[in-house]
Amino acid sequence: MEPKVLLKMKNIHKSFPGVHALKSVDFELRAGEVHAILGENGAGKSTLIKVLGGIYTPDEGEIYIEGKKVEIKDVVTAQKCGIAIIHQELVLVPYMTVGENIFLGREPMKGKFVDRKKLHEEAQKLLDAYGMDIDARTMVGKLTIAKQQMVEIIKAISCQSKILVMDEPTSSISDKEVSFLFNTMRTLTAKGVGIIYISHKMSELDEICDRVTVMRDGSYIATEVVKETTKDRLISMMVGRDLKNYYTRDYANQGEVILKCENISDNHMVKGASFELRKGEILGFAGLVGAGRSELMKCIFGLTKNYTGDIYLDGKKVNIKSPTEAMRHGIALVPEDRKHEGLYLIQSVKFNTTIEVLKEFIKFIHVNKNKEEEITQRYIDMMATKTPSTKQLVGKLSGGNQQKIMIGRWLATSPKILILDEPTRGVDVGAKSEIYAIINKLAKEGMSIILISSELPEIINMSDRVYVMRDGKVMGCLGHEEVTQEKIMKLAAR
Ligand SMILES: Nc1ncnc2c1ncn2[C@@H]1O[C@H](COP(=O)(O)OP(=O)(O)OP(=O)(O)O)[C@@H](O)[C@H]1O
Ligand SMILES: [Mg+2]
């Protein structure tokens with residue numbers, strides 16, 4: 001029997017000023033399948049999804065739902081067509097409760113008023129039915145990103161959608177939540193729902209996806225059955241070439257200790273952590289979500305003011321009370337949550353790249369426009385960032401390219417110590433490989449790098465030494481000759 005086709009997109013075109021984001025893209029989704037879309041940062045994945053969701057009108061092309069041609073001119077029409085989308089950037093309303101978000105726009109009424117009691121009861125039933133440990137009356141803004149993601153999923157499920165789209169749903173959630181998400185997805189496909197799944201994690205393909213469509217530079221490349229293809233084949237279709245040395249790492253003799261932290265606590269997540277960083281070293285920090293890695297770095301970068309314990313830079317005890325001071329000491333931190341901790345989405349690429357350098361040096365140097373342009377261009381080239389110009393608003397770049405801008409901004413401060421918190425999250429395989437090469441080069445030139453990552457292969461292949469944290473403490477340190485996934489997990493797990 002022919003599988004039932006839920007959705008067909010044909011010859012879709014979409015342009016933005018200076019960018020031809022979609023060039024004749026075809027896509028098909030069947031009932032009961034999980035269909036992945038693969039492509040580099042800026043390939044057009046999210047744009048295709050936004051066309052489907054009625055957020056963008058295509059310049060050309062047709063969309064068919066179960067064989068019938070439809071005109072998806074807005075978000076409401078998309079919902080009526082049975083399409084639910086979990087976008088890459090979460091769109092929940094932070095100052096409303098979980099329940100209110102789930103039923104937004106279709107609240108149960110009692111006469112003229114919203115029946116808030118019923119609304120929260122219904123929402124709680126849904127949350128409980130899917131085993132989610134979330135109270136329907138909590139304000140969404142108080143939840144972790146992972147939990148907000150779960151609320152988005154429940155919201156999508158509760159609309160009884162036939163077509164569910166997930167744009168990088170696992171980029172910020174823990175392993176446990178990922179397996180939970182996959183189970184939920186399997187329950188849905190068994191009921192005949194079709195799921196479109198976008199992710200940069202190649203390992204997830206085998207685990208959850210049936211077919212995969214590859215896009216490159218806004219064009220459709222191919223659709224393959226996951227079981228019948230290989231990772232290498234998909235990667236070369238994605239990046240248009242073979243990726244040979246995925247990780248670049250030249251181990252060298254390390255210099256002297258440049259940063260030493262003793263018994264650091266923040267009265268919250270960090271509980272007496274100690275470690276040492278050497279000149280020219282890449283120091284990995286592994287651990288489960290919540291182990292306190294990001295919080296420890298926040299103490300060092302002056303974001304957490306009332307920490308206890310001692311920090312020594314070049315053997316001298318320092319008391320870092322603000323990020324400005326940390327920067328004066330040559331420390332830079334690229335945070336994990338780029339949207340909330342740093343990017344100015346309605347400002348240009350240039351503004352976002354140069355803001356930290358200018359903030360620090362504006363008193364000393366005469367800022368000339370050419371210099372600004374030159375710095376920005378240098379980091380666009382270095383990171384291979386895809387943007388039509390230095391004037392483009394950062395909010396209009398694809399997710400992965402926003403991440404590159406953030407890394408560029410901190411590199412521009414020429415730090416001695418660079419702290420990278422999940423630097424490759426949401427970044428495509430080609431760009432990841434480029435970032436590894438850049439980190440390696442910087443370390444070779446004498447920069448000391450702290451690499452926090454949840455991707456163990458990344459930590460293992462890039463680090464000179466790996467510290468493993470658990471419950472706010474450093475549990476052990478593994479050298480690059482001895483480190484393995486098993487050894488890390490043994491130290492990381494409770
Ligand atoms: N609203 C917009 N205005 C201008 N350009 C845009 C807009 N939205 C997307 N683009 C551009 O269209 C191209 C495709 O972007 P899109 O977000 O679809 O990429 P993506 O494949 O989802 O990438 P990522 O993996 O980084 O999320 C990019 O060059 C991006 O800069
Ligand atoms: Mg995207």
Side-chain angles (χ1 to χ4, degrees), residues 9 12-25 27 35-61 75 85-91 149 152 165-172 196-202 204-205 212-221 234-235 237-240 337-339 343 345-350 352-353 376 380 383-408 422-435:
M9 299 176 84
I12 305 287
H13 281 267
K14 177 74 191 171
S15 288
F16 300 107
V19 185
H20 198 166
L22 298 174
K23 304 167 197 163
S24 185
V25 175
F27 184 79
H35 193 141
I37 304 181
L38 272 187
E40 292 190 287
N41 298 129
K45 304 177 297 294
S46 297
T47 304
L48 185 69
I49 292 321
K50 286 178 185 163
V51 165
L52 178 63
I55 293 171
Y56 296 149
T57 321
D59 302 335
E60 215 182 297
V75 179
I85 301 186
I86 300 164
H87 289 283
Q88 189 168 9
E89 310 293 344
L90 296 181
V91 290
Q149 197 109 45
E152 289 256 27
V165 186
M166 300 185 178
D167 196 350
E168 298 197 40
T170 59
S171 62
S172 50
I196 302 175
Y197 191 80
I198 301 178
S199 169
H200 288 291
K201 300 185 181 166
M202 300 292 289
E204 293 182 345
L205 280 183
V212 46
T213 288
V214 181
M215 293 176 66
R216 184 169 79 232
D217 281 336
S219 299
Y220 169 88
I221 302 294
L234 291 171
I235 290 176
M237 285 200 280
M238 244 168 96
V239 302
D337 180 2
R338 55 180 177 255
K339 198 170 171 194
L343 276 181
L345 297 178
I346 53 165
Q347 295 281 2
S348 68
V349 166
K350 182 153 69 181
N352 273 283
T353 305
T376 309
I380 287 176
M383 306 299 297
T385 308
K386 213 174 255 173
T387 173
S389 79
T390 58
K391 293 188 198 69
Q392 180 72 313
L393 302 188
V394 160
K396 290 190 172 171
L397 298 186
S398 76
N401 282 301
Q402 293 183 5
Q403 177 76 342
K404 292 179 174 184
I405 297 286
M406 195 68 178
I407 298 177
E422 304 283 359
T424 62
R425 171 179 295 167
V427 171
D428 69 62
V429 280
K432 267 186 194 168
S433 177
E434 283 156 20
I435 291 178

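All values below come from the heavy atoms of this structure, side chains included, with hydrogens, waters and symmetry mates left out. If you read the sequence from its start, that first residue is 1, and numbering goes on from there. In each ligand, atom 1 is the first atom listed, and ligand 1 is the first ligand listed.
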Chemist: For F27 and L52, run side chain to side chain contact (heavy atoms under 4.5 Å, CB included): C-alpha distance rounded to whole Å, both residues' side-chain angles, the deciding distance at 0.1 Å, then the answer.
Modeler: CA-CA 11 Å; F27 184 79; L52 178 63; over 6 Å; no
Chemist: If the condition is salt bridge (Lys or Arg N to Asp or Glu O under 4.0 Å), which residues does K396 pass it with, not counting sequence neighbours?
Modeler: none
Chemist: Measure from the side-chain N and O atoms of K386 to the backbone N and O of N401, and report whether any donor-acceptor pair falls under 3.5 Å.
Modeler: no
Chemist: Could you check whether the rings of F16 and Y56 sit parallel, tilted or perpendicular, using 30° and 60° as the cut-offs?
Modeler: perpendicular
Chemist: Please determine, by modelled atom types, if S199 and E204 share a side-chain donor-acceptor pair under 3.5 angstrom.
Modeler: yes
Chemist: Considering only NZ, NE, NH1 and NH2 on the basic side and carboxylate oxygens on the acidic side, decide whether D428 and R216 come within less than 4.0 Å.
Modeler: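 Result for this pair is no, no salt bridge flagged.
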Chemist: Minimum heavy-atom separation for I407 to P423, with atom names?
Modeler: CD1-O, 3.8 Å
Chemist: With K14, which residues qualify under side chain to side chain donor-acceptor pair (under 3.5 Å), at least two apart?
Modeler: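 So K14 forms no side chain to side chain donor-acceptor pair (under 3.5 Å) with any residue.
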Chemist: Identify which protein N/O/S atoms are less than 2.8 Å from the Mg ion (ligand 2).
Modeler: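 The answer, once waters are left aside, is S46 OG, Q88 OE1.
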Chemist: May I ask you to decide if L397's main-chain N or O and Q402's side chain share a donor-acceptor pair within less than 3.5 Å?
Modeler: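 At least one qualifying donor-acceptor pair exists.
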Chemist: What residues sit with at least one heavy atom under 4.0 Å from ligand 1?
Modeler: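 For ligand 1, the contacting residues are F16, V19, A21, E40, N41, G42, A43, G44, K45, S46, T47, Y56, Q88, E168, H200, Q392, K396, L397, S398, G399, G400.
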